[in-house]
Amino acid sequence: MFPINKIRKDFPILSRKVHGKPLVYLDNGATSQTPIQVIDVIVDYYSNYNANIHRGVHTLSQEATDKYEEARHKIQAHFNAKHAHEIIMTSGTTESINLVAHGFASLLKEGDEIIVSALEHHSNIVPWQMLCEKTGAILKVIPMNDAGELVLEEFNKLLSEKTKLVFVNHISNALGTINPIKEIIKKTHQVGAAVLVDGAQACPHLKPDVQALDVDFYVASAHKMCGPTGVGMLYGKEAWLKKLPPYQGGGEMIAEVTFEKTTYADLPHKFEAGTPNICGGIAFGAAIDYLNAIGLDNISKYEHELLEYATKKILEIEGLKIYGTSKNKTSVISFNLEGIHPYDVGTILDKMGIAVRTGHHCTQPIMDFYKIPGTVRASFAFYNTKEEVDVLVEGIKKAKMMLS
Ligand SMILES: Cc1ncc(COP(=O)(O)O)c(C=O)c1O
């Protein structure tokens with residue numbers, strides 16, 4: 001049995017009240033909550049060994065450096081990267097994507113093609129549009145169907161020898177669809193192009209194996225995986241990372257500097273200019289330990305049960321439509337009540353202590369596809385319960401009554 005009661009005790013925030021009601025936190029797609037095991041690591045860092053890394057001979061600096069590099073190794077092991085230097089520490093998914101987009105500016109030429117999917121978060125659309133503006137490359141889009149799935153036959157037609165890069169998320173944040181990335185990677189490699197997978201929404205639910213996937217770049221954010229905000233990772237195959245130029249110039253990323261010429265440090269430091277989020281990186285490692293102690297397989301099985309239970313209950317509400325109905329989806333339910341603006345539903349739910357997200361979820365093209373301004377999104381984590389689903393369902397019914 002999944003030890004849900006024990007797990008909930010790890011999250012201090014889950015026992016707080018909002019507007020006098022017990023918090024029901026269902027905005028995990030935006031950011032996850034933090035267990036005490038990770039909070040303790042943050043407190044320990046600032047209490048005992050706060051220092052800058054990689055550059056001090058003193059004990060504190062050495063301790064911080066060791067812990068930071070240990071975190072990189074934890075991330076490497078978690079994602080099954082071949083080398084620790086293939087893990088670049090960043091401020092999050094957005095920065096990881098921008099780092100790769102910046103690097104490709106020097107590798108693309110006019111007329112080259114970049115393919116993104118219709119299900120992307122804005123952070124996996126805008127950097128590529130900026131790259132196209134800079135290079136004259138052309139952006140193509142894999143379309144989606146009504147269920148919120150990518151149409152792979154159309155993807156096959158888009159691929160050609162002009163394709164240089166394909167970007168797709170592993171799981172859609174707005175709809176929860178799990179995309180067939182293995183197939184997309186295989187097809188893309190057949191035309192000699194590279195693939196970046198945005199794993200921001202996948203990593204809280206499953207454990208990607210970057211070598212088994214044979215993916216070129218994989219990116220994620222710690223704050224969606226029970227870690228802190230402002231830290232994340234970029235996995236890149238060694239050969240690609242060697243080929244890409246540095247993202248930012250500054251301290252830590254150099255081998256030698258003179259006014260005539262600078263040479264760059266080896267991987268991973270070439271991409272890590274300046275003082276990083278040291279505490280965040282160490283806490284990211286602790287979050288990975290925490291998730292692995294529960295087991296991503298156990299997490300995903302439990303969340304699937306929650307999703308099935310919630311979907312059935314929510315669909316019993318008359319006039320409610322769920323967006324994103326793929327069989328292959330994670331614990332996200334995006335919905336609207338007929339004739340009612342999602343913002344109004346979210347505001348009323350908040351008064352009942354229920355935290356959901358409303359709006360376009362940084363995926364305006366998906367909203368345009370469905371011709372809606374936005375949705376209400378309830379995104380469940382492994383620390384949510386069926387009782388909380390019941391509270392949500394009652395809350396939606398009440399909101400419907402008040403707003404109809
Ligand atoms: C699929 C996806 N990609 C990228 C991001 C951006 O992540 P961050 O804001 O942590 O950089 C998000 C955040 O919601 C997301 O859901």
Side-chain angles (χ1 to χ4, degrees), residues 25-34 38 75 88-102 116-130 141-142 144 148-150 166-181 184 195-206 208 215 217-235 247 271 276-277 280-281 283-284 287-288 303 323-324 326 328-334 355-367 374-381:
Y25 186 77
L26 302 177
D27 194 18
N28 297 287
T31 201
S32 57
Q33 293 304 341
T34 318
V38 174
I75 298 167
I88 311 299
M89 306 292 270
T90 65
S91 67
T93 301
T94 301
E95 187 178 48
S96 301
I97 295 170
N98 276 280
L99 187 158
V100 177
H102 171 271
V116 296
S117 96
L119 292 175
E120 294 315 304
H121 188 278
H122 294 162
S123 69
N124 212 15
I125 299 174
V126 183
W128 311 119
Q129 285 174 328
M130 290 159 78
V141 183
I142 314 169
M144 62 185 272
E149 297 160 327
L150 295 178
V166 172
F167 304 104
V168 64
N169 60 42
H170 197 162
I171 291 182
S172 151
N173 63 305
L175 307 177
T177 315
I178 304 173
N179 289 315
I181 57 164
I184 290 173
V195 183
L196 181 147
V197 173
D198 171 354
Q201 292 293 332
C203 294
H205 308 290
L206 50 86
V215 66
F217 302 98
Y218 196 98
V219 298
S221 294
H223 72 94
K224 306 215 193 252
M225 306 168 65
C226 297
T229 53
V231 63
M233 54 79 74
L234 158 68
Y235 159 79
Y247 176 46
F271 292 108
N277 182 348
F284 188 7
I288 282 181
E303 288 175 342
Y323 297 90
S326 173
N328 246 341
K329 70 178 273 192
T330 191
S331 46
V332 169
I333 300 184
S334 246
V356 292
R357 184 140 294 237
T358 64
H360 54 61
H361 317 298
C362 294
T363 55
Q364 281 182 358
I366 297 181
M367 302 303 131
T375 68
V376 182
R377 183 187 71 180
S379 49
F380 302 89

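As the structure lists them, so they are numbered: ligands from 1, and atoms in each ligand from 1.
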Would you say the side chain of Leu99 lies within less than 4.5 Å of the side chain of Val219, judging by non-hydrogen atoms?
-> no
Tyr218 side chain near His170 side chain, heavy-atom distance below 4.5 Å = yes
For the residue pair His361 and Thr363, confirm or rule out a side-chain donor-acceptor distance under 3.5 Å.
-> no
Ser96 and Thr90 side chains, donor-acceptor separation under 3.5 Å | yes
Tell me the protein heavy atom at minimum distance from [atom], and give that distance in Å.
atom                    : value
atom 15 (C) of ligand 1 : His121 CD2, 3.3 Å
atom 14 (O) of ligand 1 : Lys224 NZ, 2.5 Å
atom 16 (O) of ligand 1 : Gln201 NE2, 2.7 Å
atom 9 (O) of ligand 1  : Thr94 OG1, 3.7 Å
atom 4 (C) of ligand 1  : Ser123 OG, 3.0 Å

Residue-ligand contact His223/ligand 1, heavy atom below 4.0 Å | yes
Rounded distance [0.5 Å steps], NE2 in His122 versus CD in Gln129 | 9.5 Å
Atoms in ligand 1 flagged as close to Ser221, the criterion being non-hydrogen separation under 4.0 Å = 7 (O), 8 (P), 10 (O), 11 (O)
Any idea which of Asn173, Asn98, Asp198 brings a heavy atom closest to atom 2 (C) of ligand 1?
-> Asp198
Nearest heavy-atom approach of Pro228 to Ala222 is O-CB, 3.6 Å
